[in-house]
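Along the sequence shown, residues are numbered consecutively beginning with 1. This one's a predicted model, so the numbers in the text were calculated from it and none came from an experiment.
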Amino acid sequence: MRKGFLAAAAAGLLATGSMAACGDNSADEESAGKTPKVGVILPDSKSSARWEGADRKFLEEAFKEAGVEADIQNAQGDKTQFQTIADQMITQGVTALMIVNLDSGTGKAVLDKAKSQGVATIDYDRLTLGGSAEYYVSFDNEAVGKLQGEGLVKCLTDGGVQNPSIVYLNGAPTDNNATLFKNGYDSVLKPKFDAGEYQQVADDSVPDWDNAQAATIFEQQLTKSGGKIDGVLAANDGLGNAAISVLKKNKLNGKVPVTGQDATPQGLQNILAGDQCMTVYKAIKQEAAAAAELAISLAKGERKETGQTVKDPESGRDVPAVLLTPQAIYKENVKDVIADGFVTKDEVCTEAYAELCASAGIS
């Protein structure tokens with residue numbers, strides 16, 4: 001029987017990231033003897049459905065299973081609120097703090113304050129450039145971008161499109177992950193641009209991953225290109241859906257391949273409908289479990305060895321890391337995301353998509 005993505009990811013983590021206790025530091029000494037309590041700050045609920053729909057749920061499950069008190073809050077895209085939440089958590093005695101930064105400046109200020117108060121810290125999903133987090137837990141984000149680039153090439157090739165005109169809808173310029181995604185898809189597409197096989201007609205970043213702004217930017221791209229866009233490299237499903245909404249208004253949906261990321265219910269529906277080429281599935285249950293394991297250890301004044309590091313390009317520091325492997329999702333394997341429990345059949349296979357789900361083997 002085929003193993004699910006989540007099971008495979010878990011096995012990979014255990015094989016490569018089996019964590020053994022190692023030496024203490026000042027934060028560990030501060031935490032030792034205290035009742036473990038973990039604070040988690042999520043970034044928003046607008047840029048992607050994952051933060052409230054998946055990350056919160058899986059983190060809550062992991063902390064509950066371990067019997068560790070956790071306070072999970074969402075900054076809703078507000079940098080001032082992000083810092084206020086962090087201050088409150090530190091004052092209320094969290095022994096470990098896990099953040100998804102809104103930008104590296106705000107994130108660094110929070111991490112540095114936590115460190116000064118003896119609170120251990122983890123960067124979750126996004127690396128804080130120049131920050132002081134003791135661990136970084138995420139996916140191989142350049143690999144995510146590479147899958148997106150390869151996916152766009154596959155869909156254009158399958159459609160027989162010659163010398164396609166391509167536009168980019170990149171993520172927020174303040175998010176290091178967006179830079180890594182772009183490095184990944186550039187590694188696939190830039191050689192084609194340089195060789196004249198593909199034409200890049202626009203390369204725009206979307207502030208704050210804001211989907212409304214993405215629609216406006218894409219409409220401008222479409223107008224500027226005279227309606228001649230053959231492929232859209234959208235950095236996540238929200239940006240992809242923004243482009244699709246504009247393509248629908250111009251009766252171009254289904255004719256122009258659009259990429260995505262996060263395997264959201266909406267993204268999967270767009271794929272089933274033929275409006276989106278592919279998405280990238282990240283087994284967030286495994287990301288949350290790995291982060292929770294580290295956070296719980298830090299909250300107890302313990303440290304673990306991850307066997308991996310990433311280099312902070314700003315400080316040059318090698319940050320201990322856990323990096324998980326992403327998966328490309330096309331119409332033929334949408335069912336695998338549902339089978340793994342990441343989203344439910346009811347979320348994806350609403351009445352309007354029931355027949356499409358049945359034809360895709362989703363039962």
Side-chain angles (χ1 to χ4, degrees), residues 48 143-171 178 181-182 184-193 195-206 211 214-215 217-282 326-334 336-337 348 353 356 359-360:
S48 176
V144 170
K146 187 175 181 183
L147 290 176
Q148 292 173 317
E150 291 171 345
L152 188 58
V153 170
K154 178 183 184 300
C155 293
L156 289 166
T157 302
D158 290 351
V161 183
Q162 300 294 318
N163 195 29
S165 296
I166 306 299
V167 299
Y168 282 3
L169 283 175
N170 307 306
F181 301 147
K182 189 173 190 297
Y185 47 78
D186 268 344
S187 73
V188 176
L189 297 173
K190 192 172 185 303
K192 293 186 175 294
F193 298 146
E197 297 174 27
Y198 287 15
Q199 306 300 317
Q200 186 179 39
V201 296
D203 180 0
D204 294 306
S205 295
V206 179
N211 298 331
I217 290 168
F218 181 68
E219 201 145 27
Q220 291 167 348
Q221 291 177 336
L222 190 63
T223 300
K224 187 177 178 180
S225 69
K228 177 67 171 70
I229 291 177
D230 300 305
V232 182
L233 196 301
N236 75 358
D237 287 349
L239 305 186
N241 188 67
I244 289 166
S245 69
V246 176
L247 291 171
K248 284 180 176 178
K249 287 197 300 184
N250 290 275
K251 296 182 170 51
L252 292 171
N253 59 302
K255 301 175 183 178
V256 179
V258 179
T259 66
Q261 177 187 174
D262 291 336
T264 62
Q266 184 178 63
L268 297 175
Q269 289 173 338
N270 284 336
I271 291 172
L272 291 170
D275 292 334
Q276 185 168 322
C277 159
M278 57 83 68
T279 189
V280 178
Y281 171 44
K282 301 183 296 189
Q327 301 280 344
I329 299 296
Y330 300 88
K331 186 178 292 188
E332 59 266 24
N333 62 339
V334 165
D336 293 340
V337 182
V348 177
Y353 295 90
L356 292 171
S359 65

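Residues Leu156 and Tyr198 are in side-chain contact: their nearest non-hydrogen atoms beyond the backbone lie under 4.5 Å apart. In this structure, the side chains of Glu219 and Lys249 come closer than 4.5 Å at one or more pairs of heavy atoms. Taking 4.5 Å as the limit, some side-chain heavy atom of Pro326 sits within range of a side-chain heavy atom of Leu147. The shortest distance between side-chain heavy atoms of Lys331 and Leu356 does not fall below 4.5 Å. Side-chain contact check for Gln148 versus Leu152: every heavy-atom pair is 4.5 Å or farther apart. With a 4.5 Å cut-off on side-chain heavy atoms, Leu247 and Lys255 do not count as touching.
Minimum heavy-atom separation, Leu239 to Ala234: C-CB, 4.0 Å. In terms of heavy-atom proximity, Gly260 sits nearest to Gln276 at CA-NE2, 3.7 Å. Closest non-hydrogen pair, Ser245 versus Ala215, comes out as OG-CB, 4.4 Å. Of all heavy-atom pairs spanning Ile217 and Ser205, the tightest one is CD1-O, 3.7 Å. Contact record, Ser187 with Gly184: OG-O, 2.5 Å, taken as the closest heavy-atom pair. When all heavy atoms of Gly151 and Tyr330 are compared, the pair lying nearest together is CA-OH, 3.2 Å.
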For this session: Assess whether side-chain contact (heavy atoms from CB on, under 4.5 Å) is satisfied between Tyr281 and Asn333, documenting all intermediate values.
Result: CA-CA 11 Å; Tyr281 171 44; Asn333 62 339; over 6 Å; no

For this session: Might you work through the salt bridge (Lys or Arg N to Asp or Glu O under 4.0 Å) test for Lys190 and Asp186, ending with a clear yes or no?
Result: CA-CA 5 Å; Lys190 192 172 185 303; Asp186 268 344; over 6 Å; no

For this session: Run the numbers on Val246 and Gln221 for side-chain contact (heavy atoms from CB on, under 4.5 Å), then give the verdict.
Result: CA-CA 11 Å; Val246 176; Gln221 291 177 336; over 6 Å; no

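Side-chain polar atoms of Asn236 and Ser48 form no donor-acceptor pair below 3.5 angstrom. Using modelled atom types and a 3.5 Å distance limit, the side chains of Gln200 and Lys192 yield no donor-acceptor pair. Neither side chain, Gln199 nor Asp230, offers a donor N or O lying under 3.5 Å from an acceptor on the other. Using a 3.5 Å distance cut-off with no hydrogens or angles, the side chains of Asn241 and Asn211 do not pair a donor with an acceptor.
Side chain of Gln261 to main chain of Ala235: a donor-acceptor pair is present (N/O by atom type, distance under 3.5 Å, no hydrogens or angles). Using modelled atom types, one side-chain atom of Asn170 and one backbone atom of Asp204 make a donor-acceptor pair closer than 3.5 Å. Proximity of a side-chain donor or acceptor of Gln269 to a complementary backbone N or O of Val348 within less than 3.5 Å is detected. Of the possible polar contacts, none joining the Asp275 side chain to the Ile244 backbone as a donor-acceptor pair under 3.5 Å is found.
Val232 pairs in a side-chain contact (heavy atoms from CB on, under 4.5 Å) with only one of the listed residues (Leu222, Val258, Thr259), which is Val258.
Other residues, nucleotides and ligands contribute at most 12 non-hydrogen atoms within 6.0 Å of the NZ atom of Lys224. A 6.0 Å sphere centred on CD of Glu332 holds more than 12 heavy atoms belonging to other residues, nucleotides or ligands.
The CG atom of Asp203 sits 9.5 Å away from the CG atom of Leu233 when rounded to the nearest 0.5 Å. Atom-to-atom distance recorded for Leu189:CG and Glu150:CD is 9.5 Å, nearest 0.5 angstrom. How far CG of Asp262 is from CG of Asp237: 6.0 Å, rounded to the nearest 0.5 Å. The distance from the OH atom of Tyr353 to the CG atom of Leu268 is 11.0 Å, given to the nearest 0.5 Å. The structure places CD1 of Ile329 at 12.0 Å from SG of Cys277, a figure rounded to the nearest 0.5 Å.
The aromatic rings of Tyr168 and Tyr185 stand perpendicular to each other, their planes meeting at an angle above 60°, with 30° marking the opposite boundary.
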